[in-house]
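One structure is given below, encoded as structure tokens.
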Amino acid sequence: MAHIVVDPVTRIEDHLRVEAEVDGGAVKEAWSSSTMFRGIELILRGRDPRDAWVFAQRICGVCTTVHAIASIRAVEKAIGAVPPPNARLLRNLIMAAQNVQDHVVHFYHLHALDWVDIVSALDADSAKTSSLAQSISDWPLSSTTYFSGVRDRIKAFVQRGQLGPFTNAYWGHPAYRLPPEANLLAVAHYLEALDWQRRFIKIHAILGGKNPHLQSFLVGGTATPVDPDSQNSLNIDTIAALDKLVADGLDFVSRVYIPDVLAIASFYKDWASIGAGIGNYMAYGDYPEDDSENPHLFLPTGVIHGRDLTKLDTVDQAKITEQVAHSWYDYSVGDDKGLNPFKGETSPHYTGPKPPYERLEVAQKYSWLKSPRYDDAAMEVGPLARMLVAYASGRPARVKELVDKALSTLGVGPAALFSTLGRVAARAIEAQVLVESMDKWVRGLAENMARRDYRIQDNSKWDPSSWARDCLGAGFHEAPRGALGHWVHISNGSIVNYQCVVPSTWNAGPRDAQGHPGPYEVALVGTPVAKPEQPLEILRTLHSFDPCMACGVHVVDATKRELARVRVM
């Protein structure tokens with residue numbers, strides 16, 4: 001039996017350590033450890049809740065807007081603020097743009113190299129690559145000359161020793177199966193996606209002033225004015241620019257991203273039965289389509305147990321808890337208890353081995369992540385969970401249409417959804433569903449302008465004197481990596497407790513008090529490992545979740561030295 005340590009897991013946001021026992025060419029048991037501490041909850045104590053989103057947004061630099069919107073929604077719920085229709089539409093556009101761009105970046109720049117052998121692309125016949133490209137899509141950049149140029153660029157990088165992100169990898173690994181021509185196609189689209197994502201995310205610059213970390217959010221609405229008669233506001237020219245960017249997004253997703261996912265998946269169909277994971281899925285739902293207290297959500301809420309798509313439960317946030325039996329925290333009620341985030345505690349206490357260490361002390365505490373549970377059960381969150389909930393609920397109908405088409409194209413059944421490959425496909429399908437829906441939200445904004453409805457903020461609750469003396473609020477968002485929740489307790493106008501339960505905490509958390517493993521830990525069991533010294537297959541399943549450990553944890557020095565002092569004006 002071989003003991004494998006992958007530390008750090010690369011091509012993710014920040015630090016993840018995974019240890020696995022491999023026997024008979026497959027993972028028998030695994031442990032997931034986040035090696036940094038997140039202290040944002042402590043930073044927010046005592047602050048004005050209207051400012052919380054600015055701090056919370058800095059939790060991560062990849063999923064840049066998600067903590068801002070979850071924080072704002074939590075505060076709005078607590079104080080009773082209701083954003084007007086224009087704010088709802090602008091937020092939907094901003095968050096959908098984030099998801100679509102993030103999904104494309106994940107596939108091409110964070111995950112594709114688990115399936116694509118860059119070195120093999122150097123041996124490709126560019127004419128055959130052109131034929132392959134034209135067989136799966138009518139994308140215009142598909143000529144023999146074009147692919148010859150891409151191949152020559154890669155060769156030049158190799159000759160100059162300037163491989164950059166391609167330098168350290170397991171090239172030539174036996175788990176790679178794509179022919180050279182498919183590898184060259186994927187490399188070309190890797191490079192194209194770099195330019196595309198830069199263009200597409202201009203939506204954030206237009207609506208939020210910048211990316212990352214938009215500046216236009218506001219408790220009660222948005223700070224971006226809407227006025228067709230003003231050059232200093234969102235106007236008809238803005239609508240035209242948004243139309244063009246959304247159309248560009250739809251074009252790339254439908255003619256490059258989706259065809260590439262299906263083409264690459266066709267060579268790896270066995271991965272439709274690998275990495276199934278915990279079998280429980282949860283989605284909070286998102287993208288409100290009306291302005292009621294409990295709006296209809298474009299992506300529905302739901303909980304699936306045991307891969308049973310015939311039964312869909314509604315999420316009850318009161319059933320959410322976090323445990324710390326195997327996490328480097330202390331609870332005043334005892335570490336074997338779970339706490340709902342409204343009563344959550346953030347008391348770090350590192351008891352692990354002194355870095356660097358050979359093995360985690362997995363019988364004790366071994367991660368800076370807590371162990372979230374829903375009704376005492378571990379849950380997988382993310383695009384797969386969202387698409388399964390949408391598929392099971394029958395809405396939006398477009399999800400079922402695209403899922404069934406993908407399954408038919410690959411010649412696999414619905415069980416293939418519960419897998420490493422299923423996560424990859426679900427992310428691409430969600431990107432298409434969201435980018436198609438963005439046009440509707442742009443149209444809604446234009447229609448409001450035509451009606452001279454320029455409202456962007458609910459000011460009735462801006463003054464803290466209008467708030468209840470003591471109030472609680474929970475805000476939810478379906479971030480690119482899954483179900484995100486922020487919980488806030490406000491007393492006398494200030495934050496007295498703040499808790500974030502983020503997607504990578506749900507998925508990457510350690511075992512709970514009962515010894516039940518988290519989704520990463522379960523998904524890795526059974527994963528084949530051809531070469532323990534080059535655990536490419538382990539990376540495939542881990543990357544299919546799109547880990548973002550910065551959201552889960554930040555940094556602490558175990559000797560309590562001051563690392564930095566930051567002044568906030």
Next on the checklist: Check whether R91 reaches the backbone of G221 with its side chain - one donor and one acceptor, N or O, closer than 3.5 Å.
Outcome noted: yes

Item to check | Minimum side-chain heavy-atom gap V256-S137 below 4.5 Å | outcome: no

Checklist entry - So, R455 and D453, do they make that salt bridge, N to O below 4.0 Å? => result yes

Checklist entry - Taking the six-membered ring for Trp, are Y284 and H477 ring centroids under 6.0 Å apart? => result no

Checklist entry - Between Y108 and D260, is any side-chain donor less than 3.5 angstrom from a side-chain acceptor? => result yes

Next on the checklist: Can you confirm whether the side chains of S367 and S34 place a donor and an acceptor under 3.5 Å from each other?
Outcome noted: no

Item to check | Parallel, tilted or perpendicular, as decided by the 30° and 60° cut-offs, for the rings of W487 and F342 | outcome: perpendicular

Item to check | Test side-chain contact (heavy atoms from CB on, under 4.5 Å) applied to V18 and L16, step by step | outcome: CA-CA 7 Å; V18 169; L16 171 67; 4.1 Å; yes

Checklist outcome for this item: Taken in chain and number order and not counting sequence neighbours, the residues that satisfy side chain to side chain donor-acceptor pair (under 3.5 Å) with Y374 are none

Checklist entry - Does the D195 side chain pair with the main chain of L191, one donor and one acceptor, at a distance under 3.5 Å? => result no

Checklist entry - Can you tell me how far CD1 of I456 sits from CG of L90, rounded to the nearest 0.5 angstrom? => result 8.5 Å

Checklist entry - If only atom types and distance count, is the side chain of T505 paired as donor or acceptor with the main-chain N or O of V501 below 3.5 Å? => result no

Next on the checklist: Any carboxylate oxygen within less than 4.0 angstrom of a Lys/Arg side-chain nitrogen, looking at D7 and R17?
Outcome noted: yes

Next on the checklist: Would you say Q57 and T65 are linked by a side-chain donor-acceptor pair, where the criterion is simply a distance under 3.5 Å?
Outcome noted: no

Checklist entry - With sequence neighbours left out, what residues match E322 under side chain to side chain donor-acceptor pair (under 3.5 Å)? => result none

Checklist entry - Does a salt bridge link R88 with D290, judged by any charged N lying under 4.0 Å from a carboxylate O? => result no

Next on the checklist: When you compare the side chains of N183 and D117, does any donor N or O come within less than 3.5 Å of an acceptor on the partner?
Outcome noted: no

Checklist outcome for this item: Closest heavy-atom pair, E76 versus P83, reported as atoms and distance to 0.1 Å, is OE1-CD, 3.9 Å

Next on the checklist: Taking V315's backbone N and O only, do any of them form a donor-acceptor pair with Q317's side chain (distance below 3.5 Å, no angle check)?
Outcome noted: no

Next on the checklist: Looking at D546, is its backbone amide N or carbonyl O close enough to the side chain of R481 to form a donor-acceptor pair, meaning the two atoms are under 3.5 Å apart?
Outcome noted: yes

Checklist outcome for this item: Looking only at heavy atoms, the pair that brings P503 and G482 closest together is CG-O, 3.2 Å

Checklist entry - Heavy atoms, side chains only, cut-off 4.5 Å: are V424 and V261 in contact? => result yes

Item to check | Side chain S327, main chain L369, donor-acceptor under 3.5 Å | outcome: yes

Next on the checklist: Is any side-chain heavy atom of F217 closer than 4.5 Å to one of S71?
Outcome noted: no

Next on the checklist: Atom NZ of residue position K405 - does it have more than 12 heavy atoms of other residues, nucleotides or ligands inside 6.0 Å?
Outcome noted: no

Next on the checklist: Using side-chain heavy atoms (C-beta onward) and a distance below 4.5 Å, is I264 in contact with F107?
Outcome noted: yes

Checklist entry - What pairs of residues pass the ring-ring contact (aromatic ring centres under 6.0 Å, His included) test when at least one of them lies in residues 426-447, not counting sequence neighbours? => result Y287-W441, F298-W441

Next on the checklist: With heavy-atom distances below 4.5 Å as the criterion, would you say the side chains of P341 and I320 are in contact?
Outcome noted: yes

Item to check | Any donor-acceptor N or O pair under 3.5 Å, side chains H204, N211 | outcome: yes

Item to check | R452 bridged to D229 by N-O distance under 4.0 Å | outcome: yes

Checklist outcome for this item: Quick note, ring-ring contact (aromatic ring centres under 6.0 Å, His included) partners involving residues 70-89, not counting sequence neighbours, are none

Next on the checklist: Can a donor-acceptor pair be found, under 3.5 Å and without considering hydrogens, that links the side chain of R198 to the backbone of L194?
Outcome noted: no

Checklist entry - Looking only at heavy atoms, which two atoms of A223 and L218 are closest? And how far apart? => result N-CB, 4.1 Å

Next on the checklist: Ignoring hydrogens, what is the shortest heavy-atom contact between H543 and H106? Give both atom names and the distance.
Outcome noted: O-NE2, 2.7 Å

Checklist outcome for this item: Output for pair (I206 CD1, S216 OG), nearest 0.5 Å, gives 12.0 Å

Checklist entry - In terms of ring plane angle, is the pair H486 and Y498 parallel, tilted or perpendicular, where the classes change at 30° and 60°? => result perpendicular

Checklist entry - Under the salt bridge (Lys or Arg N to Asp or Glu O under 4.0 Å) criterion, do K244 and D248 qualify, and how do the steps go? => result CA-CA 6 Å; K244 184 177 180 180; D248 182 36; over 6 Å; no

Next on the checklist: Just by distance, no angles: are the side chains of N232 and S230 close enough, under 3.5 Å, to form a donor-acceptor pair?
Outcome noted: no

Next on the checklist: Nearest 0.5 angstrom please: W462 CH2 to I79 CD1, how far?
Outcome noted: 8.0 Å

Next on the checklist: Taking the basic N atoms (NZ, or NE/NH1/NH2) and the acidic carboxylate oxygens, is any pair closer than 4.0 Å for D51 and R47?
Outcome noted: no

Checklist entry - Can you tell if the side chain of P372 reaches within under 4.5 Å of the side chain of M379, non-hydrogen atoms only? => result no

Item to check | Over 12 non-hydrogen atoms of neighbours within 6.0 angstrom of CZ in R45 | outcome: yes

Checklist outcome for this item: Residues pairing under salt bridge (charged side-chain N to carboxylate O under 4.0 Å, His left out) where one sits in residues 419-439, two or more places apart or in two chains, turn out to be E380-R423, R386-E430, R398-E436, D439-R443

Item to check | Carboxylate-amine/guanidinium contact R73 D286, below 4.0 Å | outcome: yes

Next on the checklist: How long is the straight-line distance from CG of L234 back to CG of L242, given to the nearest 0.5 Å?
Outcome noted: 7.5 Å

Next on the checklist: Quick check against the 3.5 Å criterion: does S393 have a side-chain atom that pairs as donor or acceptor with the backbone of R395?
Outcome noted: yes

Checklist entry - Got a donor-acceptor contact below 3.5 angstrom from the D251 side chain to the G249 backbone? => result no

Checklist entry - Under the side-chain contact (heavy atoms from CB on, under 4.5 Å) criterion, do V54 and R58 qualify, and how do the steps go? => result CA-CA 7 Å; V54 181; R58 269 67 183 178; 3.8 Å; yes

Checklist entry - When you measure from the side chain of D227 to the backbone N and O of Y454, does any donor-acceptor pair fall under 3.5 Å? => result no

Next on the checklist: Can you give me the closest heavy-atom contact between A483 and E478, atom names plus distance?
Outcome noted: N-OE1, 3.5 Å

Item to check | Flag side-chain contact, heavy atom, 4.5 Å: Q432 against I258 | outcome: yes

Checklist outcome for this item: residues 222-253 vs ring-ring contact (aromatic ring centres under 6.0 Å, His included), sequence neighbours excluded, gives W139-F252, W196-F252

Item to check | 4.5 Å side-chain heavy-atom contact, F545 and S504 | outcome: no

Item to check | Distance in Å, I203 CD1 paired with Q101 CD, rounded so as to fall on 0.5 Å steps | outcome: 9.5 Å

Item to check | Donor-acceptor pair between T346 and Q499 side chains, under 3.5 angstrom | outcome: yes

Checklist entry - Can K440 and E289 be counted as an ion pair, charged N to O under 4.0 angstrom? => result yes

Next on the checklist: Checking S292 against N294: is there a side-chain donor and acceptor pair closer than 3.5 Å?
Outcome noted: no

Checklist entry - What distance do T238 atom OG1 and D243 atom CG have between them, rounded to the nearest 0.5 Å? => result 11.0 Å

Next on the checklist: Please find the pair of heavy atoms, one from R11 and one from L110, that lie closest to each other, and give the distance.
Outcome noted: NH1-O, 2.8 Å

